[in-house]
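A short write-up of the structure that comes next.
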Amino acid sequence: IEQTRYDVRGGWRPNLPLVKEIKGSWGYNDYEHAESESPSEIGTVFDNEEWEGRIEAVLQPMGRWQGAFGVQFGDREFEVVGEEAYITPSEVESIAVFLLEKTDFGNVHVDVGFRYEHQKAETENDAQDSAKHNLFAFSLGTIYTYSDGYEAGFSASRTERAPTIE
């Protein structure tokens with residue numbers, strides 16, 4: 001097993017009317033692992049190279065609402081070489097936007113979230129063997145404080161996920 005990973009995170013608090021803080025992160029991962037057929041013979045090698053990033057703007061409160069808006073992106077290349085290479089080399093690219101908001105109405109707290117992602121997956125061997133997905137996610141959560149130390153909550157969500165390349 002061999003792995004190289006880099007992660008960078010940072011933030012900035014600009015003096016802007018709508019944006020309280022800007023946060024960013026970027027990560028890179030290069031992972032390889034080999035399966036041995038015998039102590040001296042490597043049978044199959046799995047190679048995964050991936051990078052991803054995220055930029056998030058924490059918004060100034062707007063009325064009673066507080067939240068964040070952001071963009072997330074990534075690229076992943078996956079390959080299996082050797083005797084048990086049953087998976088075609090492939091690449092997945094994705095970009096997503098999201099919005100999270102929260103507020104309080106008296107003793108009721110509300111969280112709302114929305115995410116849209118566009119994902120494109122292609123195999124290396126055949127340009128026509130590709131798939132594109134437009135994915136949506138939505139969530140809603142509430143907490144009602146009806147007495148000191150007592151709360152009741154409700155949450156609902158709808159999520160779509162694309163198949164993995166493996």
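Only a predicted model underlies this, so the values are computations on that prediction, with no experimental measurement involved. All values below come from the heavy atoms of this structure, side chains included, with hydrogens, waters and symmetry mates left out.
Within a 6.0 Å radius of OH in Tyr6, no more than 12 heavy atoms belonging to other residues, nucleotides or ligands are found. Residue Glu41 qualifies as enclosed at atom CD: its count of foreign heavy atoms under 6.0 Å is above 12.
Aromatic ring centres of Phe136 and Tyr116 lie closer together than 6.0 Å.
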Go through the steps for Glu91 and Asp75 under the test side chain to side chain contact (heavy atoms under 4.5 Å, CB included), then give the verdict. CA-CA 7 Å; Glu91 180 178 10; Asp75 183 87; 2.7 Å; yes
Go through Glu77 and Asn48 one step at a time and tell me if the side chain to side chain donor-acceptor pair (under 3.5 Å) criterion holds. CA-CA 6 Å; Glu77 295 178 11; Asn48 185 55; over 6 Å; no
Take Lys132 and Gln119, measure what side chain to side chain contact (heavy atoms under 4.5 Å, CB included) needs, and give me the verdict at the end. CA-CA 6 Å; Lys132 293 180 182 177; Gln119 186 182 91; over 6 Å; no
Take Val92 and Lys120 through the side chain to side chain contact (heavy atoms under 4.5 Å, CB included) test and state the conclusion after the steps. CA-CA 6 Å; Val92 174; Lys120 180 176 129 183; over 6 Å; no
Test side chain to side chain contact (heavy atoms under 4.5 Å, CB included) on Trp26 and Asp7 and set out the steps. CA-CA 6 Å; Trp26 177 83; Asp7 289 295; over 6 Å; no
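You'll find the side chain of Ile22 stays beyond 4.5 Å of the side chain of Glu56, heavy atoms only. A 4.5 Å side-chain heavy-atom check between Ile95 and Val71 finds at least one atom pair inside the cut-off. At least one side-chain heavy atom of Glu32 sits under 4.5 Å from a side-chain heavy atom of Val45. Between Arg9 and Lys23 there is no side-chain heavy-atom pair separated by less than 4.5 Å. Contact annotation: the side chain of Glu160 never approaches that of Phe138 to less than 4.5 Å [non-hydrogen atoms, C-beta and beyond]. Looking only at side-chain heavy atoms (C-beta outward), Thr88 and Val80 stay at 4.5 Å or farther from each other. Residues Tyr144 and Asn107 are in side-chain contact: their nearest non-hydrogen atoms beyond the backbone lie under 4.5 Å apart. Residues Asn29 and Trp51 fail the side-chain proximity criterion, which asks for heavy atoms closer than 4.5 Å.
Atom CD of Glu79 is separated from atom OG of Ser90 by 9.5 Å, given to the nearest 0.5 angstrom. Between the CG atom of Asp104 and the OG1 atom of Thr142 there is a distance of 11.5 Å, given to the nearest 0.5 Å. The CG atom of Leu18 sits 7.5 Å away from the CG atom of Leu59 when rounded to the nearest 0.5 Å. How far CZ of Arg115 is from CG of Leu135: 8.5 Å, rounded to the nearest 0.5 Å. Separation of atoms OG (Ser94) and CD (Glu117) is listed at 4.5 Å; rounding is to 0.5 Å.
Phe105 and Tyr150 end up in the same hydrophobic cluster when Ile, Leu, Val, Met, Phe, Trp and Tyr side chains are linked at under 4.5 Å. Residues Ile55 and Leu16 share a hydrophobic cluster, clusters being chains of Ile/Leu/Val/Met/Phe/Trp/Tyr side chains in contact below 4.5 Å. Both Leu140 and Trp65 belong to a common hydrophobic cluster when Ile, Leu, Val, Met, Phe, Trp and Tyr are linked at side-chain heavy-atom distances under 4.5 angstrom. Val97 and Phe73 fall within the same hydrophobic cluster, where Ile, Leu, Val, Met, Phe, Trp and Tyr residues are linked whenever their side-chain heavy atoms come under 4.5 Å apart, directly or through other members.
Judged purely by atom type and a 3.5 angstrom limit, Thr103 uses its side chain to pair as donor or acceptor with the backbone of Arg64.
Among all heavy-atom pairs drawn from Glu101 and Ala68, the shortest one is OE2-N, 4.2 Å.
A donor-acceptor pair shorter than 3.5 Å can be found between the side chains of Glu49 and Tyr28.
Note: His33 and Tyr31 have perpendicular aromatic rings, judged against thresholds of 30 and 60 degrees for the angle between ring planes.
Checking Val19, Leu100, Leu99 one by one against Phe69, the side-chain contact (heavy atoms from CB on, under 4.5 Å) holds for a single residue, Leu99.
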